[in-house]
Amino acid sequence: MQATPPPDRASLPRRLAAAAAVVLSSAGLLSVATYAASPPTAQAATASCHHIAGPFHSNRAAIFNSAGQRYVPYGINVTGLAHPLTASQIRSRAAMAGTVDADNAVTAAAAGLWCSNTVRLQIEQDYLVAADGTVNRPFLAAIQSEVAYAESLGLVVVLNDQTQLTPAHNGQEFMPTRRSFAFWDSLTSHYKTDPRVVFDLFNEPAFVSTWWRWRNGGVRNGVAFYGMQQLADRVRHRDGARNLLWVEGPHVGGSLKEAWAYRISHDGPLEYAEHRPAGPHTPADWYGLFGYLAVHNLAPVVEGEWADYARTNAGWACWDDAPKSVPVWLRYLADHRIGMIVTKMIPGQLIESANMDDPTHIRSNWSCTTGLNEGAGNQIRNWFSLHNG
């Protein structure tokens with residue numbers, strides 16, 4: 001039986017949805033404008049949704065801005081700058097325009113149709129900086145364009161260092177390296193005083209055998225890597241960043257079980273991020289993986305990347321008990337003021353078609369079978385509207 005969603009998004013004015021739909025349909029999914037020009041604004045489509053800006057600070061398990069408003073992230077992943085691109089693409093402003101346009105269309109939908117206050121830009125580390133630390137200026141310009149557009153809509157922008165999706169990764173960039181330092185050296189030089197920008201320091205740390213190594217670094221297969229403490233120190237103290245930092249746990253972000261025991265020190269404001277908890281899908285399990293940080297008022301925590309859609313043999317992407325577990329999951333996050341970023345705005349995941357106003361649904365025939373075009377999009381959108389509207 002289909003899960004009962006939160007109240008309908010009737011509060012979103014129809015004229016605002018229509019305005020966003022015009023933006024999104026102008027090139028089928030994808031074009032707002034080339035990033036050499038100025039994309040049409042979508043402030044109108046965000047009028048009924050809450051927006052917040054930093055600078056942010058932490059107080060135990062909460063994040064506040066200077067006006068005393070609490071920041072709970074509600075947002076969508078924007079992934080065009082992380083997925084495979086050719087060398088000629090990333091070194092040409094003109095060739096990058098289509099990617100930027102597509103990302104900006106998702107950002108417009110996030111701000112309006114999906115009532116978000118945040119977008120998380122996944123950025124491929126190796127596209128921005130070469131092995132010698134040289135910065136790719138055309139690719140940097142694409143990042144700057146996407147950040148500027150999102151900020152023009154009143155959104156908080158999370159910049160994320162992604163290393164998983166290119167051939168250069170090859171199992172080696174599983175934790176921060178010197179190239180990660182160069183990545184943040186570049187971005188902090190532009191955004192270290194921007195109150196709307198958050199730094200998500202490293203996407204889904206993996207293949208570390210102990211929490212001590214996650215925090216302090218080590219060597220694996222002859223490759224030296226840095227710990228999350230060292231990366232946070234670099235960004236905060238060497239680069240002088242004032243931004244809120246997100247730090248993801250090990251096991252590809254899937255656990256924060258011992259994050260407090262091995263907590264990052266002297267680098268606040270800082271929030272811990274967990275990605276897509278494995279089963280069982282119960283409050284007791286979520287408490288142990290990350291929720292204890294909020295329940296015991298220890299440190300801020302966010303669900304930094306979550307998905308639930310029909311996909312065969314992918315437990316991280318599809319909860320077989322979704323009709324029952326998804327409402328419980330959303331209620332658990334809300335009860336503990338834990339925000340969530342979801343991925344991603346493509347058919348079969350958050351949406352059922354090329355129309356970004358066409359969310360997926362969890363139906364009575366729910367099954368983790370690729371091709372059913374089912375997912376939690378509708379529940380997520382209603383949840384964003386309920387808590388951020």
Side-chain angles (χ1 to χ4, degrees), residues 51-78 81-82 107 110 116-123 125 128-129 135 140 142-162 176 180-203 205 226-249 253 259 263-274 299-305 339-341:
H51 295 118
I52 189 169
F56 297 113
H57 66 274
S58 59
N59 183 359
R60 303 292 293 274
I63 300 291
F64 297 95
N65 68 5
S66 57
Q69 298 171 311
R70 187 165 181 173
Y71 172 48
V72 180
Y74 302 100
I76 294 176
N77 239 28
V78 181
L81 299 178
T107 295
S116 301
N117 61 16
T118 302
V119 287
R120 177 175 178 261
L121 306 185
Q122 287 196 289
I123 302 166
Q125 173 182 285
L128 179 62
V129 291
V135 176
L140 174 61
I143 297 169
Q144 292 175 305
S145 179
E146 292 194 17
V147 172
Y149 182 59
E151 289 186 331
S152 78
L153 305 183
L155 297 172
V156 173
V157 185
V158 180
L159 304 182
N160 171 242
D161 182 1
Q162 165 69 263
S180 308
F181 281 8
F183 176 93
W184 287 114
D185 290 349
S186 174
L187 290 183
T188 54
S189 70
H190 297 281
Y191 295 112
K192 65 184 178 182
T193 60
D194 189 326
R196 286 193 180 274
V197 171
V198 174
F199 296 158
D200 186 349
L201 293 182
F202 193 84
N203 194 68
Y226 295 100
M228 304 310 293
Q229 178 72 63
Q230 294 154 304
L231 183 56
D233 287 348
R234 175 82 173 201
V235 170
R236 183 68 77 212
H237 303 297
R238 190 273 190 189
D239 294 337
R242 302 176 186 176
N243 315 65
L244 171 64
L245 306 182
W246 285 7
V247 177
E248 301 177 25
R263 55 191 175 273
I264 309 304
S265 59
H266 307 298
D267 288 324
L270 183 147
E271 187 162 21
Y272 292 96
E274 189 275 341
V301 61
V302 61
E303 175 57 40
E305 187 178 312
M340 180 170 67
I341 307 298

* To do: Output all residues satisfying side-chain hydrogen bond (donor to acceptor under 3.5 Å, both in side chains) with W246, sequence neighbours left out; order by chain, then residue number.
  => E271
* Asked: Hey, is the main chain of F183 close enough, under 3.5 Å, to the side chain of S186 for a donor-acceptor pair?
  -> no
* P73 side chain near I341 side chain, heavy-atom distance below 4.5 Å -> yes
* What are the two closest heavy atoms between L159 and W184, and how far apart are they? -> O-CH2, 3.3 Å
* Separation between CD of E303 and CE of M340, rounded to the nearest 0.5 Å -> 7.5 Å
* In chain order, what residues pass the side chain to side chain contact (heavy atoms under 4.5 Å, CB included) check against A148, with sequence neighbours excluded? -> none
* Heavy-atom check, side chain of L140 versus side chain of L187, under 4.5 Å -> yes
* Atom OG in S180, atom CG in L231: separation rounded to 0.5 Å? -> 6.5 Å
* Structure fact -> With sequence neighbours left out, the residues meeting ring-ring contact (aromatic ring centres under 6.0 Å, His included) with F56 are Y71
* Minimum side-chain heavy-atom gap H190-Q144 below 4.5 Å -> yes
* Identify, with sequence neighbours excluded, every residue that meets side-chain hydrogen bond (donor to acceptor under 3.5 Å, both in side chains) alongside E274. => none
* Main-chain N/O of A67 paired to N65 side chain as donor or acceptor, under 3.5 Å -> yes
* Asked: Taking only residues two or more places apart in sequence, or in another chain, which ones meet H57 in a side chain to side chain contact (heavy atoms under 4.5 Å, CB included)?
  -> F64
* H266 and D233: side-chain donor and acceptor closer than 3.5 Å? -> no
* Taking the side chain as C-beta and beyond, is there a heavy-atom pair between L153 and T107 under 4.5 Å? -> yes
* **Verdict with reasoning, D161 to Q122, per side chain to side chain donor-acceptor pair (under 3.5 Å)** => CA-CA 6 Å; D161 182 1; Q122 287 196 289; over 6 Å; no
* To do: Kindly check if the number of other-residue, nucleotide or ligand heavy atoms within 6.0 Å of CZ (R263) is above 12?
  => yes
* Structure fact -> For G339 and V302, the nearest pair of non-hydrogen atoms, with its separation, is O-CG2, 3.5 Å
* **Donor-acceptor under 3.5 Å (S152 side chain, Y149 main chain)** => yes
* Structure fact -> Here the pair of heavy atoms bringing P176 nearest to M228 is CG-SD, 4.0 Å
* Residue pair P269 / R236: nearest heavy atoms and the distance that separates them -> O-NH2, 3.0 Å
* **Closest non-hydrogen atom pair, L155 against T118** => CD2-N, 3.8 Å
* Asked: What distance separates L121 CG from L81 CG, expressed to the nearest 0.5 Å?
  -> 6.5 Å
* Structure fact -> Applying ring-ring contact (aromatic ring centres under 6.0 Å, His included) to Y191 and not counting sequence neighbours gives none
Residues 192-202 side chain polar contacts: donor-acceptor under 3.5 Å, at least two apart:
unit_1, atom_1, unit_2, atom_2, d
D194, OD1, R196, N, 2.9
R196, NH1, I52, O, 3.1
R196, NH1, G154, O, 2.9
D200, OD2, R120, NE, 2.9
D200, OD2, R120, NH2, 3.2
D200, OD2, N160, ND2, 3.4

* To do: Using side chain to side chain contact (heavy atoms under 4.5 Å, CB included) as the criterion, list what pairs up with R238, not counting sequence neighbours.
  => D185, R234
* Check whether any side-chain heavy atom of Y272 sits under 4.5 Å from a side-chain heavy atom of E248, and report yes or no. => no
* Structure fact -> Residues I123 and A82: closest non-hydrogen pair is N-CB, 4.3 Å
* Asked: Counting N and O atoms only, with roles assigned by atom type, does the side chain of N59 sit under 3.5 Å from a partner on the main chain of A62, one being a donor and the other an acceptor?
  -> no
* Main-chain N/O of Y74 paired to N117 side chain as donor or acceptor, under 3.5 Å -> yes
